[in-house]
Number of protein chains: 2
Amino acid sequence: MAKIKSKNNGTKKEVIVEAATRLFREKGFKAASMRDLAEAVGVEAASLYNHIQSKEELLQEICFKVANEFNQKFDEIENSDLPSIKKVEAMLRFHIRQMFQHYEMVIVADRDWRHLSDPYLSNFHNQRRAYRKRLAGIIEAGIANNEIKPVDAPTVVLIMLHAVNGIESWHRSREKISAKQLEDNMVLIMTEGLKA
Amino acid sequence: MAKIKSKNNGTKKEVIVEAATRLFREKGFKAASMRDLAEAVGVEAASLYNHIQSKEELLQEICFKVANEFNQKFDEIENSDLPSIKKVEAMLRFHIRQMFQHYEMVIVADRDWRHLSDPYLSNFHNQRRAYRKRLAGIIEAGIANNEIKPVDAPTVVLIMLHAVNGIESWHRSREKISAKQLEDNMVLIMTEGLKA
DNA sequence: AATATACAAACGAACGGCTGTTAGTAGAGC
DNA sequence: GCTCTACTAACAGCCGTTCGTTTGTATATT
């Protein structure tokens, strides 16, 4: 069973999810139609349903893949013995790199997750809240042992997570500075105001 | 003629635009239907067209109202004789306050402007680019006379403008710190890393 | 004061078009 | 011959919007 590989590197479903990611990023989940998607894949709309169950399933795949990657990295960093300020920096750098390498799915997950329906909607929403709370926890730990100046941790999380979204603009701007340069600049600006 | 005031404080069109703002913010422009909007206003969908020309006109009103307010404030600050770093801080504070007071329309304009169609789409897009360039200009001026440390100005603009969007989460979170407190926290975090 | 005129604003019905999705079927590759 | 995948055709439902008409009300005329 399942020799349904497409071309060279994955199942047809994966090809569809990738095309959906690009399309959803460009038009938004609601505005992107299954017929648009079919055209992008090079097939009729009905044919998509040999590989997927529904339009929403595509959004689920995207959202939870992104969520899992972030949660996994978070575990790794949280369990390390870095000082708190370095943990924050590491998470920030990971966010920035994900935004460089997989920005389309990161943006779709961040912008269109509200179009999920329960139980996926609640699940994702809860994960999102939990993630922010954990991140704020690291910052508060840093404040507690004087690595980080006493700022409101949830505010810092708010700023950091949203600031990274700005990289979307960078992706389609003409005169790009290098990725490394942008990363270092962002980290500098965002963490310099934190240090005690 | 034209005593078509609704209830006490504005034309019916204004009432519709306000309801549309709330609805678009909640569901997104594409996902919000004219029948949804009609119900929110307390009227049949067809009746809306006695007051507006199209669904897109509503989006136009929202987007350009927001754009005009920001551009106006920008002129005022740019023409002042504040030091560059203070101009940046003033703009940042204005963004934050707009986000507190009119966050629904600010968010709709920022998230759904892509659903405008030409010529409004190009117009808005150009204003957006110009705004960011002007803001970067202020920062570069500050770098030139050593008020601001030598960072990449477009990156700072990216971060600042997106960071402010985080206030949306604050609006619907349970345990709010005060608006003033959040504003000061954001300004501190965002500007401390900039000072030379 | 009663009636006629004018017009804004509401309505139900309907439009063509697009939506996500299903059914049934034909062909390709093992 | 069996499985997988593509197709065409069609579905029910929602979309923004238009139509013709009725309702409500403020003003002008008698």
Side-chain angles (χ1 to χ4, degrees), chain A residues 1-21 23-24 26-63 108 112 114-118 120-121, chain B residues 1-21 23-24 26-63 108 112 114-118 120-121:
Chain A
M1 67 190 96
K3 227 202 293 193
I4 42 168
K5 307 276 186 173
S6 164
K7 289 293 145 63
N8 37 16
N9 60 340
T11 66
K12 188 91 189 214
K13 178 168 179 178
E14 287 168 344
V15 172
I16 293 172
V17 172
E18 281 166 26
T21 304
L23 198 66
F24 292 168
E26 188 192 335
K27 298 194 165 198
F29 176 74
K30 268 286 174 185
S33 78
M34 294 304 278
R35 286 166 179 86
D36 289 339
L37 177 57
E39 191 182 6
V41 176
V43 102
E44 290 300 315
S47 308
L48 296 171
Y49 288 84
N50 286 320
H51 306 277
I52 63 164
Q53 303 226 29
S54 66
K55 187 188 184 187
E56 198 190 309
E57 191 201 357
L58 295 169
L59 186 58
Q60 289 162 15
E61 298 255 350
I62 295 166
C63 289
V108 170
D112 288 334
R114 285 162 233 262
H115 293 111
L116 292 169
S117 54
D118 274 323
Y120 301 97
L121 178 61
Chain B
M1 65 188 93
K3 228 204 285 194
I4 41 169
K5 306 277 186 172
S6 162
K7 289 295 144 68
N8 37 17
N9 62 341
T11 66
K12 189 88 190 215
K13 179 168 178 178
E14 285 168 344
V15 172
I16 293 172
V17 172
E18 280 166 26
T21 304
L23 197 68
F24 292 168
E26 188 192 334
K27 299 195 163 195
F29 176 74
K30 269 285 176 185
S33 78
M34 294 304 278
R35 286 168 180 86
D36 289 338
L37 177 57
E39 192 181 6
V41 176
V43 104
E44 290 300 314
S47 308
L48 296 171
Y49 289 85
N50 285 320
H51 306 278
I52 63 162
Q53 302 227 26
S54 66
K55 187 187 185 188
E56 199 191 308
E57 190 201 358
L58 294 169
L59 186 58
Q60 290 162 14
E61 299 254 349
I62 295 166
C63 289
V108 170
D112 288 334
R114 286 162 231 263
H115 294 111
L116 292 169
S117 53
D118 274 323
Y120 301 97
L121 179 62

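First the proteins, then the strands, lettered A, B, ... as listed; each starts at 1. In this text the structure is predicted, and so the values were computed from the model without any measurement.
- Annotation: the span from B:E39 atom CD to B:R35 atom CZ amounts to 12.0 Å, rounded to 0.5 Å.
- Between the CG atom of B:L48 and the C1' atom of C:dG12 there is a distance of 15 Å, rounded to whole Å.
- The separation between B:E57 atom CD and D:dT17 atom C1' is 14 Å, rounded to whole Å.
- Remark: A:F29 pairs with A:F24, A:H115 by the ring pair (Phe, Tyr, Trp, His ring centres under 6.0 Å) rule, at least two apart or across chains.
- With distances taken from any side-chain atom of A:A46 to the nucleotides C:dA10, C:dT21, C:dT22, the minimum falls on C:dT22.
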Could you go through A:T11 and A:I16, starting from their C-alpha distance and side-chain angles, then the distance that decides it, and tell me whether this counts as side chain to side chain contact (heavy atoms under 4.5 Å, CB included)?
CA-CA 9 Å; A:T11 66; A:I16 293 172; over 6 Å; no

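- For the pair A:L37 CG and C:dC18 P, the interatomic distance rounds to 18 Å; values are reported in whole Å.
- At whole-Å resolution of the value, NZ in B:K12 and P in D:dT25 are 13 Å apart.
- Mapping B:A32 and A:G42 onto DNA chain D by nearest heavy atom places A:G42 closer to the 5' end of the strand.
- Taking side-chain N and O atoms only, B:K30 has no distance below 4.0 Å to OP1 or OP2 of D:dC15.
- Listed candidates were D:dC7, D:dG16, C:dT21. Nearest to the side chain of A:M34 is C:dT21.
- With distances taken from any side-chain atom of B:E44 to the nucleotides C:dG20, D:dC7, C:dC11, the minimum falls on C:dC11.
- Put simply, B:S33 has a side-chain N or O that comes within less than 4.0 Å of OP1 or OP2 on D:dC15.
- Straight-line distance from the CG atom of A:L23 to the P atom of C:dT19: 11 Å, rounded to whole Å.
- Looking at heavy-atom distances under 4.0 Å, B:A31 makes no contact with the nucleic acid at all.
- Taking atom OH of B:Y49 as the reference point, atom C1' of C:dC15 lies 13 Å away to the nearest angstrom.
- An OP1 or OP2 oxygen of D:dA6 is reached within less than 4.0 angstrom by a side-chain nitrogen or oxygen of A:H51.
- Between A:E39 atom CD and D:dA6 atom C1' the separation is 17 Å, expressed in whole Å.
- In this structure, the nucleotide among C:dC11, D:dC15, C:dG20 sitting nearest to the side chain of B:R35 is D:dC15.
- Annotation: the span from B:L48 atom CG to B:M34 atom CE amounts to 5.0 Å, rounded to 0.5 Å.
- When rounded to the nearest whole Å, the span between CG of A:N50 and P of C:dA26 equals 16 Å.
- Position along DNA chain C of the nearest nucleotide to A:Q53 versus A:D36 favours A:D36 as the more 5'-ward residue.
- Looking only at distances, no side-chain donor or acceptor of A:E61 sits under 3.5 Å from a matching main-chain atom of A:V17.
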